[in-house]
Amino acid sequence: MSSDAAASGDVVELELPARPEVVSVARLVIGALVAADPLFDEERSADLRLAVSEACTNAIQAEMAGRRDEPPDPDAEPIVMRCVLADGQIEVAITDHGGGFDPNGLEAHPEVTSPDRLNYEGGLGIPLITMLADHLEFQPTDDGTTVIMRFEPREPGVRPVIGNVNGSANGSGPSAHGG
């Protein structure tokens with residue numbers, strides 16, 4: 001979404017500590033924002049809550065990866081969730097300071113619907129966000145990654161086609177941190 005669209009829309013920005021318990025806060029906030037837009041039904045609201053949960057979880061995991069054996073750092077950089085509601089769409093950007101990653105270097109997993117997928121633990125975040133968002137992109141930052149997800153309303157009962165990470169159904173490629 002352009003800065004002009006952000007200027008004409010409603011913007012909500014939160015700084016969240018990199019702790020697993022804040023994922024529920026992010027879900028509540030995006031749920032409340034979506035509920036205020038009559039173009040988004042309950043089904044689409046659930047899509048946004050799930051995608052935001054996955055992106056926030058991945059951002060938290062990226063932040064915590066470098067300090068697994070250390071106590072939480074109260075001075076650690078927060079995760080930032082920025083939501084822009086404008087022009088009949090919602091854009092959510094999640095920024096972490098976890099060092100960044102290469103989405104093209106992720107291990108390939110079977111598609112979400114494949115029975116072979118049961119042999120893998122984790123790694124569903126990127127395929128889920130790819131399936132749910134209308135547009136996704138990664139923007140590297142100096143010390144991390146910003147995941148940008150854009151959502152538009154859908155016709156009631158229309159579900160997205162499940163695609164894999166490298167050949168996503170919506171043509172936007174990988175969509176969240178390590179999965």
Side-chain angles (χ1 to χ4, degrees), residues 1 5-6 9-14 16 20 22-62 79-96 101 103-104 106-115 117-118 120-139 145-179:
M1 188 173 297
D10 294 325
V11 178
V12 174
E13 187 168 296
L14 296 172
L16 302 165
V22 303
V23 173
S24 62
V25 173
R27 286 177 60 90
L28 287 170
V29 169
I30 197 64
L33 292 173
V34 174
D37 189 330
L39 296 174
F40 288 83
D41 62 11
E42 181 55 37
E43 187 174 319
R44 195 64 174 134
S45 176
D47 292 346
L48 271 86
R49 290 190 311 267
L50 178 55
V52 165
S53 291
E54 293 296 330
C56 285
T57 297
N58 289 339
I60 290 166
Q61 288 174 345
I79 291 165
V80 177
M81 181 172 98
R82 185 173 196 267
C83 308
V84 180
L85 293 76
D87 302 327
Q89 60 186 4
I90 298 173
E91 182 175 279
V92 182
I94 309 287
T95 302
D96 69 51
F101 80 108
N104 296 320
L106 295 174
E107 177 185 348
H109 289 5
E111 289 200 28
V112 176
T113 56
S114 170
R117 187 66 177 89
L118 296 173
Y120 292 82
E121 183 177 325
L124 283 174
I126 290 173
L128 281 171
I129 297 170
T130 300
M131 180 182 75
L132 298 171
D134 294 302
H135 171 82
L136 298 111
E137 68 181 273
F138 291 104
Q139 290 185 350
T145 304
T146 297
V147 176
I148 299 170
M149 306 171 284
R150 189 165 42 247
F151 301 87
E152 298 169 0
R154 292 210 172 111
E155 292 293 320
V158 174
R159 298 301 308 156
V161 176
I162 297 174
N164 62 30
V165 173
N166 295 325
S168 71
N170 60 13
S172 51
S175 55
H177 297 93

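Quick caveat, the model's predicted, so the values are computed rather than measured. Note that the numbering runs from 1 along the sequence shown for the chain.
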* To do: Measure the CG-CG distance between L28 and L33 for me, rounded to the nearest 0.5 Å.
  => 11.0 Å
* So do the side chains of T146 and F138 get within less than 4.5 Å of each other, counting heavy atoms only? -> no
* Asked: OG1 of T95 to CZ of R82: how many Å apart, nearest 0.5 Å?
  -> 9.5 Å
* In terms of side-chain geometry, is the basic nitrogen of D41 or R44 positioned less than 4.0 Å from the acidic oxygen of its partner? -> no
* **Worked verdict on I126 versus L136 for side chain to side chain contact (heavy atoms under 4.5 Å, CB included)** => CA-CA 10 Å; I126 290 173; L136 298 111; over 6 Å; no
* Hey, are the side chains of I30 and C83 touching, using non-hydrogen atoms and a 4.5 Å cut-off? -> yes
* For L50, enumerate each residue passing the side-chain contact (heavy atoms from CB on, under 4.5 Å) test, keeping only those at least two apart in sequence or located in another chain. => E54, L128, L132
* Quick one: do the E91 and Q89 side chains pair a donor with an acceptor below 3.5 Å? -> no
* With sequence neighbours excluded, what pairs up with L14 under the side-chain contact (heavy atoms from CB on, under 4.5 Å) test? -> L16, V29, M81
* Pair D87 + R150, salt bridge at N-O below 4.0 Å -> no
* **Any V34 side-chain heavy atom under 4.5 Å of R49 side chain** => no
* Asked: What residues, two or more places apart in sequence or in another chain, satisfy side chain to side chain donor-acceptor pair (under 3.5 Å) together with E152?
  -> none
* Asked: When rounded to the nearest 0.5 angstrom, what is the spacing between CZ in F40 and CG in L48?
  -> 6.5 Å
* **Residue pairs involving residues 25-36 (criterion side-chain hydrogen bond (donor to acceptor under 3.5 Å, both in side chains); sequence neighbours excluded)** => R27-S53
* **Check: D96 and N58 side chains under 4.5 Å, non-hydrogen atoms** => no
* Closest heavy-atom pair and its distance - A26, V52 -> CB-CG1, 3.9 Å
